[in-house]
Amino acid sequence: MTLEYLSVKLFQMITKENKEKAIALTQVNKNDVGSPQAQVSILTARIKEVTEHLKSNKHDFMARRGLTQMVGRRKKLLKYLERKDFEAYKAVVSKLGLRK
């Protein structure tokens, strides 16, 4: 297995149906797929899947690194959303159950 194969496999763990469900949770309008809200929702779904994978594969350090990167990316998007549109930030956080 090549490194390229591993990285592609790692970042394609979410199925199309799960991605559509995640986007539907926080869509701004029906054609929305790239807003910060939708991106946070997709990342949250991917983070949950990788977390489940790591529960049974504790030594999968590539997946662990990818998880850390996704968490960082989600954190940056949430920080941006909090700064630009606080009401949308609160709505996303409550819908996805991210913070208290």
Side-chain angles (χ1 to χ4, degrees):
M1 286 196 286
T2 65
L3 182 60
E4 182 180 311
Y5 170 77
L6 287 173
S7 64
V8 168
K9 186 177 178 193
L10 176 65
F11 291 111
Q12 290 183 348
M13 289 183 76
I14 189 169
T15 63
K16 186 175 181 178
E17 294 81 24
N18 287 347
K19 186 175 180 178
E20 289 171 356
K21 287 179 190 174
I23 291 172
L25 281 175
T26 57
Q27 269 183 327
V28 176
N29 59 45
K30 90 174 184 170
N31 295 326
D32 176 29
V33 292
S35 69
Q37 296 93 321
Q39 291 180 49
V40 168
S41 186
I42 293 167
L43 282 169
T44 300
R46 288 176 63 196
I47 286 168
K48 286 179 182 176
E49 286 190 8
V50 173
T51 301
E52 288 301 313
H53 167 78
L54 284 172
K55 285 180 182 176
S56 60
N57 299 287
K58 295 183 189 317
H59 296 288
D60 188 353
F61 299 110
M62 289 291 287
R64 191 172 305 278
R65 182 171 189 270
L67 176 66
T68 305
Q69 289 174 335
M70 285 187 279
V71 169
R73 193 174 309 132
R74 182 178 70 178
K75 184 178 177 183
K76 286 178 188 176
L77 282 167
L78 283 170
K79 195 173 181 181
Y80 168 81
L81 198 56
E82 183 180 21
R83 195 174 62 242
K84 294 294 182 182
D85 188 359
F86 190 71
E87 293 303 316
Y89 165 79
K90 287 196 307 189
V92 167
V93 168
S94 66
K95 282 181 186 174
L96 298 177
L98 294 178
R99 299 195 175 131
K100 296 177 183 175

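Computed from heavy atoms alone, side chains included, the values below leave out hydrogens, waters and symmetry copies. Nothing here was measured: the structure is a model prediction, and the numbers come from that model.
- Contact check for V92 versus S41: no side-chain heavy atoms found under the 4.5 Å cut-off.
- Transitive grouping of hydrophobic side chains (ILVMFWY, heavy atoms separated by less than 4.5 Å) keeps Y80 and L96 in distinct clusters.
- A distance of 9.5 Å separates OG1 in T51 from CZ in R64, rounded to the nearest 0.5 Å.
- A donor-acceptor pair is defined here as one N or O able to donate and one able to accept, closer than 3.5 Å; no such pair exists between the side chain of N18 and the backbone of I14.
- At least one side-chain heavy atom of I23 sits less than 4.5 Å from a side-chain heavy atom of I42.
- Residues F61 and L54 do not share a hydrophobic cluster, clusters being chains of Ile/Leu/Val/Met/Phe/Trp/Tyr side chains in contact below 4.5 Å.
- Counting heavy atoms from C-beta outward, L25 and T44 have side chains that stay 4.5 Å or more apart.
- Across all non-hydrogen atoms, the minimal contact from A63 to H53 is CB-CD2, 3.9 Å.
- A 4.5 Å side-chain heavy-atom check between V40 and T26 finds every atom pair outside the cut-off.
- Between R74 and M70 the shortest side-chain heavy-atom distance does not fall below 4.5 Å.
- No side-chain donor-acceptor contact under 3.5 Å links Q37 to the backbone of Q27.
- With sequence neighbours left out, V71 forms a side-chain contact (heavy atoms from CB on, under 4.5 Å) with I47, L67.
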- Query: Where do K55 and E52 land on the salt bridge (charged side-chain N to carboxylate O under 4.0 Å, His left out) test, with the steps shown first?
  - Reply: CA-CA 5 Å; K55 285 180 182 176; E52 288 301 313; 3.2 Å; yes
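- For K84, there are no salt bridge (charged side-chain N to carboxylate O under 4.0 Å, His left out) partners at least two apart in sequence or on another chain.
- The hydrophobic clustering, which links ILVMFWY residues whose side-chain heavy atoms are closer than 4.5 Å, places V33 and V28 apart.
- In plain terms, the two heavy atoms of P36 and L81 that are nearest each other are CB-CD1, 4.0 Å.
- Here the side chain of N57 pairs no donor or acceptor atom with the backbone of D60 at under 3.5 angstrom.
- Taking all atoms of both residues into account, the shortest heavy-atom contact from Y89 to R99 is OH-NH1, 2.5 Å.
- For K90 and E87, the salt-bridge test passes: some basic side-chain N is under 4.0 Å from an acidic carboxylate O.
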